[in-house]
Participant: 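There's a structure below that I have some questions on.
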Amino acid sequence: MEEENVDLFEKVVNLTKRRGFIYPSSEIYGGFSGVYDYGPIGVLLANNIKNHWWKNMVQKRPDIVGLDSGIFMSPKVWEASGHVSGFSDPLMENKKNGNRVRADHILEEIGVVADEKMSIEEINELLQKNSVALKKTGFNIDEYSEAKYFNLLVKSNLGDFTEQNDNPTYLRGETCQGIYLNYKNVLDTTSQKIPYGIAQIGKAFRNEISARQFIFRTREFEQMEMQYFVRPEEEMVEYEALKEFRWKSLLSLGIKPENLQWHKHENLVFYAREAYDIEFKYPFGFKELEGIHARGNYDLTQHSTYSGQKLEYFDEEKKEHFLPHIIESSIGVGRLFLAILCQSYTEEQVGDDMRIVLRIPKHIAPIQIAILPLSKKDELSIPASSLFEELSDNFMCQYDETQSIGKRYRRQDEIGTPYCITYDFDSINDNMVTVRERDTMEQERVSISELVVYLQNKFKS
Ligand code: ATP
């Protein structure tokens, strides 16, 4: 990572802790690797990101419905999906200190691709062949064990009351399996016809070998996934439409196009028709933000075989049975959250001071409006509190009467609040307040009676 970017990344991470976006899990116990907690401001931003996705994916799409399936499923699901046998990453362990790394990530640093189709022997050969180049980056393969595949599914003993736990159940490694299992239920209980989609937001768990880069790669994370069921011959047309739809949705969230790029998967797993990732330009480089894949009929074939149930679709008009093909879109809430933060962080010189502003797109700002009485005295705090009550019917507001007004503005800038409203001594007589805009710092006097409409218009534009 270039120095400037290391700097930016550190600043973003520090800000998230300082301002209540993200806390490391179990901090008073020294932390718990790969898990993070979303604080009071973070949970608001995450909810806004999820609501935007849901609105685009479900509310505005008559052909897509929502679902919330259980985190636990029959262990057979994970056998059928191939996760029990094949959901693994190549692990290497430092012989001295036990530090674990992913062999494919180490190779990626020097531009060598080790994809999921490779056997462990092939990966170890690649490591040997590139040992000199790796040493130049400071990675000495002699200090590490040979690579071996490590399964990422997280086991639990749910429903198993024996000591051995020979029949583990798993915490789901991805949310989409719950969608496949309910594909028939949804058809039978709604008026959906193919092509149609099911969308779900929920937690997923992976025993990531090296959870790193803050919330980019965690062991517990949230996914937003949509699986779209199509006629086999329409798979690629629908796939192109989904790619375009998702790209536009990210732009409408406020991601800048110059920070996005497509990455085509060259070595596809045998069942896949085509696979692209949308990558975001994080401070540590362009990395996967979202996967959009054409999966053929693999998933339904597997579940049909393992469950013994017919999962074919009957097209009443054409009087035809077929197994639908699936195209999917899958994105992590944490990765999108991090993308928004990295893109929004700015510093600017104001007089002798450095102002940090989080230019979060206004429509997803965690706090929309801050209400700041100029003093704590009753004559200001009482009417300002009433203003909070009134405005919070329409907006996510924060009331703050601590410290100087300058410090309060800075705090709101750092959490990305688009508008601050100051109630001062003149407000008592003229029933007007000062509205300060985050990005320009311009201030305007607005009549309290017109405030709701004024702010609604601001958010609309
Ligand atoms: P990577 O190659 O980065 O490990 P992946 O290809 O395994 O990701 P998918 O299985 O396609 O990821 O998951 C879909 C989406 O879920 C990813 O694009 C990403 O946004 C998110 N995601 C996957 N793994 C993690 C994780 N460990 N932490 C946070 N988000 C994740």
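Indexing begins at 1, ligand by ligand and atom by atom, following the structure's order. For the single chain, residues carry numbers from 1 onward in sequence order.
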Participant: For atom 26 (C) of ligand 1, tell me which residue out of Leu152, Thr218, Leu338 has the closest non-hydrogen atom.
Facilitator: Thr218

Participant: Residue-level breakdown please: for Arg206 versus ligand 1, do any non-hydrogen atoms fall below 4.0 Å on the side chain, on the backbone, on both, or on neither?
Facilitator: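 Just the side chain.
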
Participant: Are Glu174 and ligand 1 in contact, using a heavy-atom cut-off of under 4.0 Å?
Facilitator: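 For ligand 1, residue contact (heavy atoms, under 4.0 Å) with Glu174 is absent.
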
Participant: Heavy atom to atom 16 (O) of ligand 1, shortest distance: which of Met224, Glu290, His293, Gln223 holds it?
Facilitator: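 Among Met224, Glu290, His293, Gln223, the closest heavy atom to atom 16 (O) of ligand 1 comes from Gln223.
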
Participant: To check your reading of the model: name the closest protein heavy atom to atom 22 (N) of ligand 1, its residue, and the distance in Å.
Facilitator: Phe221 CE1, 3.6 Å

Participant: Give me the nearest non-hydrogen protein atom to atom 18 (O) of ligand 1 as residue plus atom name, then the distance to 0.1 Å.
Facilitator: Glu288 OE2, 2.6 Å

Participant: Does Lys458 pair with Glu437 as a salt bridge, N-O distance under 4.0 Å?
Facilitator: no

Participant: Polar-atom distance check: Gly332 versus ligand 1, any N or O pair below 3.5 Å?
Facilitator: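 There is such a contact, yes.
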
Participant: Could you list which atoms of ligand 1 come closer than 4.0 Å to a heavy atom of Phe216?
Facilitator: 28 (N), 29 (C), 30 (N)

Participant: Between Leu289 and ligand 1, find which residue part has any heavy-atom pair under 4.0 Å and reply side chain, backbone, both or neither.
Facilitator: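 For Leu289, the contact with ligand 1 is made by the backbone alone.
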
Participant: Less than 6.0 angstrom separating the ring centers of Phe216 and Phe284, yes or no?
Facilitator: yes

Participant: Tell me the protein heavy atom at minimum distance from atom 4 (O) of ligand 1, and give that distance in Å.
Facilitator: Arg217 NH1, 2.7 Å

Participant: Going by ring pair (Phe, Tyr, Trp, His ring centres under 6.0 Å), name the pairs with one or both residues in residues 109-162, residues two or more places apart or in two chains.
Facilitator: Phe139-Tyr144

Participant: Distance to 0.1 Å, residue and atom name: give those for the protein heavy atom nearest to atom 14 (C) of ligand 1.
Facilitator: Ser330 OG, 2.9 Å

Participant: Determine, considering heavy atoms only, which of Arg335, Lys287, His265, Glu328 sits nearest to atom 30 (N) of ligand 1.
Facilitator: Arg335

Participant: Does the pair Lys11/Asp7 count as a salt bridge with the N-to-O cut at 4.0 Å?
Facilitator: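 Answer for the salt bridge query: yes.
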
